[in-house]
J.: 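This structure is in structure tokens; I'll ask about it shortly.
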2 protein chains.
Amino acid sequence: MPSIDQPVDNTDDKSDFVSDYLLYLLAAASDAASNQFHDTIRKAGLRVPEWRVLACLYDHDGAMITELARLALVEQSRLTRIILQMENRGLVYRKGNPQDKRRVHVYLSNTGRDLANDLVAQAQIHEATLLETLQNSGAEHLKPALQALLQKLG
Amino acid sequence: MPSIDQPVDNTDDKSDFVSDYLLYLLAAASDAASNQFHDTIRKAGLRVPEWRVLACLYDHDGAMITELARLALVEQSRLTRIILQMENRGLVYRKGNPQDKRRVHVYLSNTGRDLANDLVAQAQIHEATLLETLQNSGAEHLKPALQALLQKLG
DNA sequence: GAAAACAATATGCATTTTCATACACTTTCG
DNA sequence: CGAAAGTGTATGAAAATGCATATTGTTTTC
């Protein structure tokens, strides 16, 4: 038990603004919930944006760079480089579109697909556990509300 | 109307996994909602993490570096550098704790406080507008559910 | 059917970010 | 007390990031 301590604030409860500010709550909740799973990601040898790309490709194999950037919530030039790295690691491959030679489509390799399957399964387990933890906390409203928000803002 | 186009997917609706994955919904919703306001931030000459720090200090003036890092959702060594920059710009100042000389407390300067007041006011307006847009979308459940989540995971 | 406008991806470069760890100080404990 | 363990902040260096823009290809317009 520290003695000299009279910290400015050791809980968050005195706050006025941020603790009731929607944009903060969204960021903080995303952060808190995701961090739990990010250890799993890193143990699989991936960084978070790479996992996001893998998960998006799981649903949208063959997506274009631009689509994928939007889906995975990363800026395009950054995605280009992430994809190059993932290609070097054999997780994905790129293929030009012969109809429109500007376009580059990205596909999961077999290795990449195995990894994606594995991590998606783990993500679903983690999610189930998380939702269980959140029982009686209004968590049942969470997904629909978030989906509606995305709908309206998308 | 493009003709040669048979894109893999131009809406998000075919997806299986991510579009119903809580961690993705949280990240995407946070992203979508925040991006709206981030223009305001940049027009004020701040980058997003600086605004977060300012907002946290608005509530917790005098917080320690470590506390502030946790509140503002940034890694400690990064916060140290953000604070140094903000100090150089005259937005905040640092003050050692005489009782515990390891600790550094961060305070809003007058300039910083003015800016914080201004931006917090704008944030609240933006939030009100956003919530209005989200009427009948279950938005009224959003804050409580997020707060509960943070409570349980904090 | 050119020229201009637009679109998709890549890249150069300055800056930021991360990670590990150093450093200074404090608390604990034998 | 004094060594060891623990905390809080800073920093060096490698890597990632963002921004503006180049490059290449496509659509539109006249």
Side-chain angles (χ1 to χ4, degrees), chain A residues 1-10 31 35 38-39 41-42 45-53 62-89 92-107, chain B residues 1-10 31 34-35 38-39 41-42 45-53 60 62-89 92-107:
Chain A
M1 199 187 305
S3 50
I4 61 166
D5 253 354
Q6 275 156 6
V8 169
D9 191 11
N10 36 26
D31 214 63
N35 280 336
H38 287 351
D39 284 340
I41 298 304
R42 290 193 209 89
L46 292 180
R47 276 163 300 157
V48 174
E50 292 169 333
W51 150 240
R52 292 222 172 112
V53 168
M64 290 170 37
I65 297 280
T66 307
E67 285 177 328
L68 209 46
R70 184 176 49 74
L71 288 168
L73 313 172
V74 306
E75 190 266 339
Q76 175 266 314
S77 75
R78 186 180 165 195
L79 183 70
T80 289
R81 290 188 251 234
I82 290 171
I83 294 298
L84 290 175
Q85 292 185 340
M86 292 177 75
E87 188 169 46
N88 288 336
R89 292 179 53 186
V92 302
Y93 60 94
R94 295 182 305 155
K95 197 150 149 296
N97 181 326
Q99 260 83 46
D100 184 339
K101 294 188 200 128
R102 292 168 305 180
R103 300 182 177 187
V104 174
H105 298 273
V106 185
Y107 298 87
Chain B
M1 198 186 307
S3 51
I4 61 166
D5 253 354
Q6 275 158 8
V8 170
D9 193 10
N10 36 27
D31 215 62
S34 297
N35 281 336
H38 287 350
D39 284 339
I41 299 303
R42 290 192 209 90
L46 291 181
R47 275 163 301 160
V48 174
E50 292 170 332
W51 150 241
R52 292 221 172 113
V53 168
H60 299 265
M64 289 171 34
I65 296 281
T66 306
E67 285 176 329
L68 209 47
R70 184 177 48 75
L71 288 168
L73 313 171
V74 307
E75 190 264 339
Q76 175 266 315
S77 75
R78 185 180 166 195
L79 183 69
T80 290
R81 290 187 248 234
I82 290 171
I83 293 298
L84 291 175
Q85 292 184 340
M86 292 177 76
E87 187 169 46
N88 288 336
R89 293 179 52 186
V92 302
Y93 61 94
R94 295 181 305 152
K95 198 151 150 284
N97 180 326
Q99 260 84 46
D100 184 339
K101 292 185 200 132
R102 293 168 304 179
R103 299 183 177 186
V104 174
H105 298 272
V106 184
Y107 298 87

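Here is how names work: the chains are called A, B, and so on, in the same order as the sequence lines, proteins then strands, and each is numbered from 1.
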J.: For Leu73(A) and dG18(D), give me the distance from atom CG to atom C1', rounded to whole Å.
T.: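 Spelled out: CG on Leu73(A) to C1' on dG18(D) is 16 Å.
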
J.: In this structure, how many angstroms lie between the P atom of dT9(D) and the CG atom of Leu68(B), rounded?
T.: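 Between P of dT9(D) and CG of Leu68(B): 10 Å.
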
J.: So which protein N/O to nucleotides 12-15 of chain C N/O distances come out below 3.5 Å?
T.:
unit_1	atom_1	unit_2	atom_2	d
dG12(C)	O6	Arg81(A)	NH2	2.6

J.: Which atom pair, heavy atoms only, marks the closest approach of Ile41(A) to Trp51(A)?
T.: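 So the two residues come closest at CD1-CG, 3.3 Å.
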
J.: Looking at every non-hydrogen atom in both residues, tell me the closest pair between Leu79(B) and Ile65(B) and how far apart they are.
T.: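 For Leu79(B) and Ile65(B), the tightest heavy-atom pair comes out as CD2-O, 3.1 Å.
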
J.: On DNA chain C, check which nucleotide each of Arg78(B) and Arg94(A) is closest to and give me the residue with the more 5' one.
T.: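 By nearest-heavy-atom nucleotide position, the 5'-most residue is Arg94(A).
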
J.: Residues in side-chain contact (heavy atoms from CB on, under 4.5 Å) with Arg81(B), at least two apart?
T.: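 In terms of side-chain contact (heavy atoms from CB on, under 4.5 Å), with neighbours along the sequence ignored, Arg81(B) is linked to Ser77(B).
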
J.: Measure CZ/Arg103(B) against C1'/dT9(D) and give the value in whole Å, please.
T.: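 Interatomic distance, CZ of Arg103(B) to C1' of dT9(D): 12 Å.
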
J.: Are Glu67(B) and His60(B) packed together at the side-chain level, in the sense that at least one heavy-atom pair is separated by less than 4.5 angstrom?
T.: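 Not in contact.
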
J.: Provide the closest heavy-atom pair for Ile82(B) versus Glu50(B) in the form atom of the first, atom of the second, distance.
T.: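 Minimum heavy-atom contact is CG2-CG, 4.1 Å.
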
J.: Give me the atom names and distance for the closest heavy-atom approach of Ala69(B) to Glu75(B).
T.: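 Looks like CB-C, 4.4 Å.
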
J.: Can you check the Gln99(B) CD to dC25(C) P distance for me, whole Å?
T.: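 Gln99(B) atom CD is separated from dC25(C) atom P by 15 Å.
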
J.: So does Thr80(B) get a side-chain nitrogen or oxygen closer than 4.0 Å to the phosphate oxygens (OP1/OP2) of dA10(D)?
T.: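 So the side chain of Thr80(B) is within the cut-off, an N or O lying under 4.0 Å from OP1 or OP2 of dA10(D).
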
J.: Any non-hydrogen side-chain atom of Arg89(B) less than 4.5 Å from a side-chain atom of Leu46(B)?
T.: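 The answer is yes, as the side chains (C-beta and beyond) meet within the 4.5 Å cut-off.
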
J.: Which heavy atom of Ile83(A) sits nearest to which heavy atom of Val92(A), and what is that distance?
T.: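 Ile83(A) and Val92(A) have their closest heavy atoms at O-CG2, 3.9 Å.
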
J.: How close or far is atom C1' of dG8(D) from atom NE2 of His105(B), stated in whole angstroms?
T.: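 It works out to 10 Å between those atoms.
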
J.: What is the separation between atom CE on Met64(B) and atom P on dA24(C), rounded to the nearest whole Å?
T.: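 Rounded to whole Å, this separation is 19 Å.
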
J.: Can you check whether any acceptor in the base of dT26(C) is under 3.5 Å from a donor in the side chain of Arg102(B), or vice versa?
T.: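 Answer no: no donor N or O sits under 3.5 Å from an acceptor.
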
J.: Taking only nitrogen or oxygen atoms into account, show me every contact under 3.5 Å that the protein makes with nucleotides 21-23 of chain D, one pair per line with its distance.
T.:
none

J.: Check Lys95(B) against Tyr107(B) and note the closest heavy-atom contact, atom names and distance.
T.: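 Result for this residue pair: CB-CE1, 3.8 Å.
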
J.: Find the distance Met86(A):CE to dA16(D):C1' and express it as a whole number of Å.
T.: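 From Met86(A) CE to dA16(D) C1': 16 Å.
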
J.: By nearest nucleotide on DNA chain D, pick out whichever of Lys101(A) and Ile82(A) is the more 5' one.
T.: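 Mapping each residue to its closest nucleotide by heavy atoms, the 5'-most match is Ile82(A).
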
J.: For Arg42(A) and dT18(C), what is the distance between atoms CZ and P respectively, to the nearest whole Å?
T.: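 Roughly 10 Å, once rounded to whole Å.
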
